[in-house]
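Contents: one structure, followed by commentary.
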Amino acid sequence: MSLTLSIDTARSSLATTSEQISVVSRNIARVGDANATRKTAQTITGPGVGVSVAGIQRTANSLLFNAYLNSNSSSQAQSAITSSLDRLQNTVDDTDLERSPAALLAKLSAALQTYSGAPQNPAVAASVVSAAKDVSNALNSASATVTSVRQQADADIGASVGRINSLLAQFETLNNQVIRATSGSGDASDVLDARDAILKQLSAEVGIRTVDESNGGMSIYTDSGVTLFDKLPRKVSFQQTQNLSAGMSGAAVFADGVPIAGGTHSLGISTGKLAGLVAVRDDIAVTYQGQLDEMARGLILAFAESDQSATPTLPDVAGLFTYAGGPGLPSSSSLVSGLAASIKINPNADPSQGGDAELIRDGGISGNAAYKYNAAGGASFTDRIQGLIASLGAGQTFDPSTQLSSSVPLGSYAKDSVAWLQALRQSSSAEAEYRSTVASRAASALSSQTGASLDEEMTNLLSLERTFQASSRLISVVDGMFTTLLQSFS
C-alpha cells in the first residue's frame with residue numbers, strides 16, 4: 001500500500017468514525033425517551049476508497065410495536081370506564097354510611113313502622129316525611145350525578161375527536177417526510193420515531209391498525225376497519241350534545257363518513273378512550289339511570305292513593321311521592337326516563353312547606369277528599385300506614401332493561417342496584433389494572449428491544465474513540481514517513 005493510499009484510508013476512517021460518534025451521541029442524548037429508537041451507522045468498505053457510512057439504520061420491531069398499540073388502546077378504554085364508575089360510586093357513597101337510596105329506603109320503612117305504633121303523634125309523622133324527603137333527595141342527587149357523568153363523557157368524546165383529527169394532521173406531515181426521505185435515500189430514522197410517537201398517541205384515543213406501503217408511507221384504519229388515513233387524513237366528526245338529559249341519546253362519532261361509535265353502527269370501534277367514553281355515555285350510565293328511575297317509579301306507585309268512595313271511579317294518583325307528571329301515576333310496568341330527577345315530596349304532606357304530615361295516616365294528600373282513607377279522622381287509625389308498609393314490602397314489576405331482577409320488592413331492587421354498581425366497579429377496576437400492566441410491559445419490551453442503552457452506547461463510544469485515535473496515529477506516522485522521505489531527498 002502506498003503512503004498516499006494509506007493516508008486516504010486513514011482520513012476516510014476518521015470521517016466515518018466521526019459520523020459514527022455523532023450517531024452514538026444522538027442515542028445517548030435520547031436514552032430514556034420512550035419514543036426514541038436506537039440508531040446505527042451502517043458502514044461499507046471498498047478498494048481504494050477506504051470506509052464510509054452508507055446510511056443510518058433504525059432499530060425497529062413491528063410485532064412489538066403493534067402489540068403496544070393494541071394494549072395501549074385496550075388500557076385506555078378500560079381506564080375511561082373505571083374513571084366514570086368511580087364518579088357513579090359517589091351516588092351510593094360508603095355503604096357503611098348508609099346514604100345510598102337503598103339504605104335510605106330502609107330508614108323510610110323503619111320510620112313507617114315507628115309511625116304505625118304512634119299514629120297520633122304528629123312529630124313521628126313528620127319524621128316519616130323527613131325520611132321520605134331524604135330518599136327523594138338522594139334519587140335527585142344520584143340522577144344529577146349520572147347526568148353529569150354522561151355530559152362529561154360526551155364532552156370528553158368531543159375532545160378526543162379533536163385530538164384524533166389533530167394527530168392525523170400531524171401524521172400526514174411526518175408521513176410525507178418519511179416518503180421523501182425514503183425516495184431520496186435520506187435519513188428518515190428520526191422522522192420515523194416522530195411518526196411512531198403520533199401512532200402511540202392516536203392509539204390512546206382510538207384502536208388502530210396500520211398498513212405499511214412500498215414507498216415508506218403508511219395507512220391507518222380503526223380496529224373495526226374504517227379508514228382514518230390513506231395518503232390523506234380522513235375527517236372524524238362528532239356533534240356534542242349540550243344538554244344530555246335522562247333517556248336522551250348522544251350523537252354518533254363518524255370516521256370518513258362511517259359511524260364508528262354511538263347510535264346505530266356496524267363497524268364500531270372496540271378499544272381506545274373513545275370507545276370507553278361512548279360505553280359510559282350510552283350504556284353503563286344509561287343502565288344505572290334506568291335503575292334510579294325505576295326506584296322512583298316504585299316509590300310513587302307504593303305510596304299512590306286510591307279512590308275510597310263506595311263506588312270508586314277515580315284513577316289512582318300520586319300520594320306522598322309525586323313527580324313532574326303528577327298527580328297521575330307513571331306507567332306501572334315500564335321505565336319512565338327522568339323520573340328520579342323529578343321525584344319529590346308532595347307539599348300537602350310536608351310541614352316545612354305548610355303541609356300536614358298526618359295526611360300520610362289519613363290519605364287525601366292529593367287534595368281530593370275522595371282519596372281519604374281515614375274519613376272519620378281517628379287519631380289511632382293505622383290501616384293506611386300498614387298498607388304503605390305492605391306496599392313497600394310487596395313485589396313490584398320492574399323494567400328488565402335495567403339488568404336487575406324484574407319482580408322483587410322495592411327495597412330488594414334498590415339493594416340489587418347498589419350491588420350491581422359495586423360489582424361492576426370492582427370488576428372494571430381489576431380489568432383496568434390488568435390492562436394497564438399489559439400495556440406497561442408491552443412498552444417495556446418495546447423499549448428494551450428498540451431503545452438505546454446507556455451502558456451499550458458508552459461502550460461503543462469508547463471503542464470508536466480508540467478507532468479515531470488509531471486513524472489519527474496512522475496519519476501521524478504516514479506524515480512522519482513523508483517528512484523523512486523529503487528530508488532524505490533534500
Side-chain angles (χ1 to χ4, degrees), residues 23-42 56-83 85-86 160 163-164 167-168 170-171 174-175 178 187-212 216 218 220-223 228 269-277 426-463:
V23 171
V24 171
S25 298
R26 286 165 55 190
N27 288 336
I28 292 174
R30 299 189 66 182
V31 166
D33 185 344
N35 294 321
T37 58
R38 181 171 183 267
K39 315 297 188 307
T40 307
Q42 299 299 302
I56 308 299
Q57 185 175 22
R58 171 175 174 265
T59 305
N61 188 319
S62 59
L63 290 177
L64 282 178
F65 185 71
N66 288 329
Y68 170 78
L69 295 182
N70 294 337
S71 60
N72 188 40
S73 297
S74 180
S75 175
Q76 292 298 326
Q78 197 62 44
S79 178
I81 291 173
T82 302
S83 178
L85 283 172
D86 287 344
S160 180
R163 285 192 293 272
I164 290 172
L167 290 168
L168 290 175
Q170 296 175 50
F171 183 87
L174 295 169
N175 196 56
V178 170
D187 179 12
S189 58
D190 284 338
V191 184
L192 284 168
D193 281 356
R195 194 178 70 172
D196 283 356
I198 295 296
L199 290 175
K200 289 179 179 178
Q201 295 178 59
L202 191 59
S203 71
E205 305 296 335
V206 59
I208 57 174
R209 301 282 186 270
T210 61
V211 176
D212 293 324
M218 179 179 283
I220 309 174
Y221 304 88
T222 66
D223 57 13
L228 288 176
I269 56 174
S270 58
T271 57
K273 185 184 298 181
L274 192 57
L277 291 171
Q426 187 175 15
S427 63
S428 177
S429 179
E431 184 67 18
E433 185 175 351
Y434 166 73
R435 295 189 186 188
S436 176
T437 301
V438 172
S440 177
R441 290 182 178 176
S444 297
L446 179 64
S447 178
S448 65
Q449 286 289 322
T450 63
S453 162
L454 183 59
D455 292 341
E456 184 179 357
E457 297 304 324
M458 291 303 295
T459 301
N460 291 336
L461 188 61
L462 291 173
S463 176

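Both backbone and side-chain heavy atoms feed into the values below; hydrogens, waters and symmetry mates do not.
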> Taking all non-hydrogen atoms of both residues, which atom of G207 and which atom of S73 are closest, and how far apart?
Replying inline: CA-OG, 3.5 Å
>> Checking side-chain polar atoms at under 3.5 Å, does S203 have a donor or acceptor matched by the opposite partner on N72?
In response: yes
> What distance separates I220 CD1 from L168 CG, expressed to the nearest 0.5 Å?
Replying inline: 6.0 Å
> How many angstroms lie between atom OG1 of T37 and atom CG of N61, to the nearest 0.5 angstrom?
Replying inline: 11.5 Å
> Between S160 and E205, which heavy-atom pair has the shortest distance, and what is it?
Replying inline: OG-OE1, 2.7 Å
>> To the nearest 0.5 Å, what is the distance between CG on L446 and OG on S62?
In response: 10.5 Å
>> Against R58, only a single residue in D187, D196, T450 fulfils side chain to side chain donor-acceptor pair (under 3.5 Å); can you say which?
In response: D196
>> So which atom in I208 and which in N70 form the shortest heavy-atom distance, rounded to 0.1 Å?
In response: O-OD1, 4.0 Å
> Of all residues at least two apart in sequence or in a different chain, which pass the salt bridge (Lys or Arg N to Asp or Glu O under 4.0 Å) check with K39?
Replying inline: D190, D193
> Step by step, would you call R26 with D33 a salt bridge (charged side-chain N to carboxylate O under 4.0 Å, His left out)?
Replying inline: CA-CA 12 Å; R26 286 165 55 190; D33 185 344; over 6 Å; no
> Where is the tightest heavy-atom contact between R38 and G451, given as atom of each residue plus distance?
Replying inline: CB-O, 3.9 Å
> Regarding Q57 and T40, is there a side-chain donor-to-acceptor distance under 3.5 Å anywhere?
Replying inline: no
> Taking atom types as modelled and ignoring hydrogens, do the side chains of Q78 and S428 form a donor-acceptor contact shorter than 3.5 angstrom?
Replying inline: yes
>> Checking side-chain polar atoms at under 3.5 Å, does S453 have a donor or acceptor matched by the opposite partner on D455?
In response: no
> Going from CE on M458 to CG on N27, what distance comes out if it is rounded to the nearest 0.5 angstrom?
Replying inline: 12.5 Å
>> Distance check, rounded to the nearest 0.5 Å: S71 atom OG versus Y434 atom OH?
In response: 10.0 Å
> Any chance CD of Q42 has more than 12 other-residue heavy atoms, nucleotides or ligands included, within less than 6.0 Å?
Replying inline: yes
> Who are the ring pair (Phe, Tyr, Trp, His ring centres under 6.0 Å) partners of Y221, not counting sequence neighbours?
Replying inline: none
> Among L174, V211, N175, L192, whose side chain to side chain contact (heavy atoms under 4.5 Å, CB included) with M218 holds?
Replying inline: N175
>> Determine whether a donor-acceptor pair (N or O, by modelled atom type, separation under 3.5 Å) exists between the side chain of T82 and the backbone of S79.
In response: no
> Of the non-hydrogen atoms in A204 and Q76, which two are nearest, and what is the gap between them?
Replying inline: O-CB, 3.3 Å
>> So does E433 get a backbone contact from the side chain of T437, meaning a donor-acceptor N/O pair under 3.5 Å?
In response: yes
>> Taking side-chain hydrogen bond (donor to acceptor under 3.5 Å, both in side chains) as the definition, give me every residue that meets it alongside S75, ordered by chain and number, with sequence neighbours left out.
In response: none
> Got a donor-acceptor contact below 3.5 angstrom from the S447 side chain to the A443 backbone?
Replying inline: no
>> Within the 4.5 Å heavy-atom criterion, are R209 and T222 side-chain neighbours or not?
In response: no
> From R195 CZ over to F171 CZ, what is the distance, rounded to the nearest 0.5 angstrom?
Replying inline: 5.0 Å
>> Go through it in stages, so that I can follow the logic: the residues are T210 and F65, the test is side-chain contact (heavy atoms from CB on, under 4.5 Å), and I'd like the CA-CA distance, side-chain angles, deciding distance and then a yes or no.
In response: CA-CA 11 Å; T210 61; F65 185 71; 5.8 Å; no
>> I need the minimum non-hydrogen distance between N35 and A197, along with the two atoms involved.
In response: CG-CB, 3.6 Å
